[in-house]
Amino acid sequence: MTIEQTQEYDEALVTLLEAVWGEGYLSPGGPDEIRTIVEGVALGGKSVLDIGCGTGGITRFLADTYRPAHIVGIDIDAGLIRRANERASAAGLAGILSYQTVTPGPLPFADGSFDVVFSKDAMVHIPDKEALFADIHRVLRPGGVVAASDWMSSTEAPFSPEMIYYLEREGLGFGIGSPPRYQAAMAKAGFRDIRFIDRNAWYQPRARREYETLKGPLYDGLAARLGRDFVEHEIEVWRSLAVVVDSGELRPGLFWAEKPAP
Ligand SMILES: C[S@@+](CC[C@H](N)C(=O)[O-])C[C@H]1O[C@@H](n2cnc3c(N)ncnc32)[C@H](O)[C@@H]1O
């Protein structure tokens, strides 16, 4: 079964996601989760790539907190990149942060351009994990690391009817894969010291809370701005998301890997 990739981060969706997850965040966990992802990763003075940077809240947090030499955020959505640029300038971080709109496919950077490749909840949109990790390996310097989070599945397809229902509502699914699939793709690319942390138990109560918040305190304000139909659709997305998080089929997770130094 093919599930269409239809998720588009348009103005309405970005407004709703930032209302739930915080300004600049199109995924859960906020700064605490970013600290967890980069714990033990040397960032000070380093060159960092953020794949799927969205509106750039994470890059601003990383720049402010860890003072890398430079972070390049890339995204396929020009509207998100425009916002990320505006917010970086407003925050006085334009010297450290730069953003580029990219087309899906090979990363537009020379071999060995980065010390760290970061990504949060964006690789799910990229179906060819083997090509993705081979390319990340290519743009990393020897000794460089990938530190990331993503929406993963407990198994490869075929999925349960509940999972298919959720993925179709969300417009995701084309690229969702299991940790073993990511592990194999990273190993094939030449990474070593590959580690995973499952975040399903961490996210379960959060998903429920987000659903209740959307139905409760956020509802009237968002419905007035974005229309009731849109907000009702997103509430149904969240209800169905909580079902597959509870069942364990949708498994947010973090992972790290290193490109060996010669
Ligand atoms: C769930 S959002 C996460 C954004 C950001 N990382 C965050 O956590 O706030 C996923 C992002 O990946 C971007 N994206 C999708 N396909 C991509 C690709 N092939 N290359 C780069 N970014 C992509 C989307 O436009 C979107 O901004």
Side-chain angles (χ1 to χ4, degrees), residues 4-38 48-63 71-85 87-88 97-109 114 116-136 138-139 146-152 166-167 169-177 185 199 202-203 206-207 210 234 237-238 241 245 250 252-255:
E4 290 261 317
Q5 172 98 28
T6 52
Q7 178 87 298
E8 269 186 46
Y9 293 86
D10 60 14
E11 185 115 13
L13 184 59
V14 169
T15 301
L16 184 136
L17 295 180
E18 290 193 341
V20 175
W21 286 325
E23 195 196 86
Y25 288 83
L26 308 183
S27 64
D32 284 349
E33 189 66 350
I34 307 311
R35 275 194 199 91
T36 304
I37 299 170
V38 299
V48 181
L49 172 66
D50 179 5
I51 299 177
C53 62
T55 51
I58 296 171
T59 51
R60 290 192 295 282
F61 172 73
L62 291 174
I71 306 182
V72 182
I74 58 168
D75 204 287
I76 56 168
D77 188 307
L80 299 181
I81 290 294
R82 182 182 44 74
R83 278 194 218 204
N85 264 318
R87 291 176 180 179
L97 299 175
S98 64
Y99 300 97
Q100 289 181 35
T101 307
V102 297
T103 46
L107 297 165
F109 303 104
F114 299 99
V116 177
V117 172
F118 175 94
S119 182
K120 181 141 194 317
D121 300 0
M123 291 176 178
V124 66
H125 294 293
I126 303 172
D128 189 341
K129 308 299 181 213
E130 289 72 21
L132 171 66
F133 286 111
D135 213 25
I136 291 174
R138 179 185 67 76
V139 302
V146 50
S149 158
D150 208 10
W151 298 105
M152 290 177 277
Y166 159 67
L167 293 170
R169 292 295 137 323
E170 183 84 282
L172 280 177
F174 191 68
I176 201 159
R199 292 304 256 169
W202 169 86
Y203 190 52
R206 284 171 177 78
E210 290 163 4
E234 288 301 318
V237 168
W238 242 282
L241 174 148
V245 171
L250 184 64
L254 316 183
F255 52 88

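In this chain, residues are counted from 1 in sequence order. FYI, side chains are in, hydrogens and waters are out, and symmetry mates aren't considered; it's all heavy atoms of this structure. Just so you know, ligand 1 is whichever comes first in the structure, and atom 1 is the first atom listed for that ligand.
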Taking only heavy atoms of [X], which atoms of ligand 1 are found under 4.0 Å from at least one of them?
{"X": "Tyr25", "value": "9 (O)"}
{"X": "Leu80", "value": "25 (O), 27 (O)"}
{"X": "Ala122", "value": "10 (C), 11 (C), 12 (O)"}

Nearest non-hydrogen partners of Leu49 and Val139, listed with the distance: CD2-CG2, 4.4 Å
Nearest non-hydrogen partners of Asp121 and Ser27, listed with the distance: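 Looks like OD2-CB, 3.1 Å.
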Any donor-acceptor N or O pair under 3.5 Å, side chains Thr55, Glu18: yes
Is [X] close to ligand 1, meaning an N/O of one under 3.5 Å from an N/O of the other?
{"X": "Lys120", "value": "yes"}
{"X": "Ser27", "value": "yes"}
{"X": "Leu26", "value": "yes"}

With heavy atoms under 4.0 Å as the rule, classify the contact between [X] and ligand 1 as side chain, backbone, both or neither.
{"X": "Asp50", "answer": "neither"}
{"X": "Ile58", "answer": "side chain"}
{"X": "Ile76", "answer": "both"}

Nearest-0.5 Å distance that lies between atom CG in Leu17 and atom CG in Leu26: 5.5 Å
Glu11, CD atom: more than 12 neighbouring heavy atoms under 6.0 Å: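 Not buried by this count: 12 neighbours or fewer within 6.0 Å.
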Basic-acidic side-chain contact under 4.0 Å: Glu33, Lys120: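 Salt bridge between Glu33 and Lys120, a charged N being under 4.0 Å from a carboxylate O: no.
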Carboxylate-amine/guanidinium contact Glu23 Arg83, below 4.0 Å: no
Closest to atom 5 (C) of ligand 1 (judged by heavy-atom distance), picking from Pro127, Gly79, Gly52: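 Closest candidate by heavy-atom distance is Gly52.
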Shortest reach to atom 25 (O) of ligand 1 by a heavy atom, considering only Ile51, Asp77, Asp75: Asp75
Side-chain donor or acceptor of Arg169 paired with backbone N/O of Trp238 under 3.5 Å: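 Flag not set: sc Arg169 to bb Trp238 has no pair under 3.5 Å.
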